[in-house]
Amino acid sequence: MGFVTELLIAVFLVISGVFGLVGSYGLIKLKDSVQRLHGPTKATTLGVGGVLIASMIYFFAQNGQLSVHELLITLFLFLTAPITANFIAKTYVARHLRPRDLPDSTSEYGWSVYDDPPETIRDE
Amino acid sequence: MITYALIFAAGCYGLALLMNLWRIVKGPNPADRILALDTMVIDVIALLVLYGIWQGTAIYFEAAMLVAMVGFVSTVAYCRFMLRGDIIE
């Protein structure tokens with residue numbers, strides 16, 4: 001394995017470690033629960049992404065063939081991270097805010113956390 | 001050089017896991033605890049891939065994929081339980 005390849009792998013590993021640390025540090029440093037949703041997104045995208053890129057380069061340099069199934073983990077995390085964040089925000093809203101604390105939903109139905117789905121209202 | 005970078009990255013993720021544990025213990029409401037658990041799962045995925053590079057085998061990618069899937073399902077189940085008091089209605 002050449003010097004440039006090793007340097008590239010080491011740089012990606014260090015970047016990924018720093019971003020993982022920053023994500024969790026944000027989780028304990030930020031003050032509000034909704035602010036804390038920002039922190040771990042860095043660990044999800046850049047942290048795990050850097051580790052996976054480093055391992056792709058490493059196994060490409062070792063075996064001589066590019067393996068793509070590392071990208072599956074990144075794809076899965078990118079798909080599930082917004083769903084998870086949406087669920088956590090809904091949990092926070094449902095347990096800590098009252099309907100009168102929220103602004104108007106600007107449609108004929110209320111917020112989905114508190115109100116029934118529109119089909120139920122139409123049936124009645 | 002790769003060895004030192006691996007040790008550094010594993011140390012960073014270990015420290016990150018401890019910070020998440022602090023947020024789980026302290027976290028004033030359930031949303032914080034769910035978020036810290038989800039972040040723990042992501043750090044564990046990164047640690048598994050790091051261990052795979054350390055050992056030089058590609059087996060740990062399957063383990064990381066499984067941890068990612070189980071972590072997503074468990075986070076969603078915990079949020080559903082907090083939201084509705086039930087997981088499958």
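Each chain gets a letter, A, B and so on, in the order the sequences are listed, and its residues count up from 1. Excluded from the calculations below are hydrogen atoms, water molecules and symmetry mates; all remaining heavy atoms, backbone and side chain alike, are included. None of these values were measured; they are calculated from a predicted model.
Using a 4.5 Å cut-off between heavy atoms, A:Tyr92 contacts chain B through both its backbone and its side chain. Neither the backbone nor the side chain of A:Leu75 comes within contact range of chain B, judged by heavy atoms closer than 4.5 Å. The parts of A:Phe3 that come within reach of chain B are both its backbone and its side chain, each placing non-hydrogen atoms under 4.5 angstrom from that chain. With a 4.5 Å cut-off on non-hydrogen atoms, B:Met40 does not touch chain A at all. Only the side chain of A:Ile9 comes within contact range of chain B, with heavy atoms under 4.5 Å apart. Contact annotation for B:Ile42: both backbone and side-chain heavy atoms come within less than 4.5 Å of a heavy atom of chain A. Both the backbone and the side chain of A:Glu6 come within less than 4.5 Å of a heavy atom in chain B. Looking at A:Leu72, both its backbone and its side chain come within 4.5 Å of chain B, counting heavy atoms on both sides. Within the 4.5 angstrom heavy-atom criterion, no atom of A:Ile15 approaches chain B. Of the two parts of A:Phe59, only the side chain, counted from C-beta on, holds a non-hydrogen atom closer than 4.5 Å to a non-hydrogen atom of chain B. For A:Val93, no part sits under 4.5 Å from any heavy atom of chain B, backbone or side chain.
A chain of hydrophobic side-chain contacts below 4.5 Å, direct or via other Ile, Leu, Val, Met, Phe, Trp or Tyr residues, connects B:Val44 to B:Ile53. Criterion: ILVMFWY side-chain heavy atoms under 4.5 Å apart, direct or through other members. Under it, A:Leu52 and A:Phe19 are not part of a common hydrophobic cluster. Note: the hydrophobic cluster containing B:Phe61 also contains A:Val48 (ILVMFWY, side chain heavy atoms under 4.5 Å, direct or indirect links). No chain of hydrophobic side-chain contacts below 4.5 Å, direct or via other Ile, Leu, Val, Met, Phe, Trp or Tyr residues, connects A:Met56 to B:Tyr51. Placement of B:Val41 and A:Phe78 in two distinct hydrophobic clusters is found when ILVMFWY residues are connected by side-chain heavy-atom separations under 4.5 Å, directly or transitively.
Annotation: maximal heavy-atom pairing with chain B below 4.5 Å, among A:Ser55, A:Ala94, A:Gly23, occurs at A:Ser55. Your options are A:Ser33, A:Ala10, A:Gly47, and the one with the most heavy-atom pairs under 4.5 Å with chain B is A:Ser33. Highest contact tally toward chain A, considering only B:Ala9, B:Cys79, B:Ala36, is held by B:Cys79 [criterion: heavy-atom pairs under 4.5 Å]. Contact count versus chain B (heavy atoms, under 4.5 Å) is highest, among A:Val34, A:Val18, A:Thr44, for A:Thr44. Of the residues considered (B:Ala64, B:Gly56, B:Ala46), B:Gly56 shows the highest number of contacts with chain A, using heavy-atom pairs under 4.5 Å. When each of B:Asn29, B:Leu6, B:Leu17 is checked for heavy-atom pairs under 4.5 Å with chain A, B:Asn29 comes out on top. For chain A, the option among B:Ile2, B:Ile34, B:Thr39 with the highest count of heavy-atom pairs below 4.5 Å is B:Ile2.
For the pair A:Ile88 and B:Ala31, the tightest heavy-atom approach, listed with the atom from each and the gap, is CG2-O, 3.7 Å. Taking each heavy atom of A:Ile28 and B:Trp22 in turn, the nearest pair found is CG2-CD1, 3.6 Å. Scanning all heavy atoms of the two residues, the minimum distance from B:Ala16 to A:Gly20 falls at CB-O, 3.8 Å. Between A:Thr91 and B:Met82 the shortest heavy-atom distance is CG2-CB, 3.5 Å.
With a 4.5 Å cut-off on side-chain heavy atoms, A:Leu27 and B:Met19 do not count as touching. In this structure, the side chains of B:Arg23 and A:Arg36 come closer than 4.5 Å at one or more pairs of heavy atoms. In this structure the side chain of A:Leu13 never reaches within 4.5 angstrom of the side chain of B:Phe8, judged on heavy atoms. Between B:Thr75 and A:Thr80 the shortest side-chain heavy-atom distance does not fall below 4.5 Å.
More than 12 heavy atoms of other residues, nucleotides or ligands shown are found within 6.0 angstrom of CD on B:Gln55.
With rounding to the nearest 0.5 angstrom, the CE atom of B:Met69 is 4.5 Å from the CZ atom of A:Phe76.
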Original post:
What's the verdict on side chain to side chain contact (heavy atoms under 4.5 Å, CB included) for B:Phe72 and A:Leu79, showing C-alpha distance, side-chain angles and the deciding distance?
Top reply: CA-CA 10 Å; B:Phe72 170 66; A:Leu79 281 178; over 6 Å; no

Original post:
Would A:Ser16 and B:Tyr13 count as a side chain to side chain donor-acceptor pair (under 3.5 Å) if you check the C-alpha gap in whole Å, the side-chain angles of each, and the deciding distance to 0.1 Å?
Top reply: CA-CA 9 Å; A:Ser16 138; B:Tyr13 279 107; 3.1 Å; yes

**OP:** Take B:Leu15 and A:Tyr25, measure what side chain to side chain contact (heavy atoms under 4.5 Å, CB included) needs, and give me the verdict at the end.
**Re:** CA-CA 9 Å; B:Leu15 206 60; A:Tyr25 183 61; over 6 Å; no

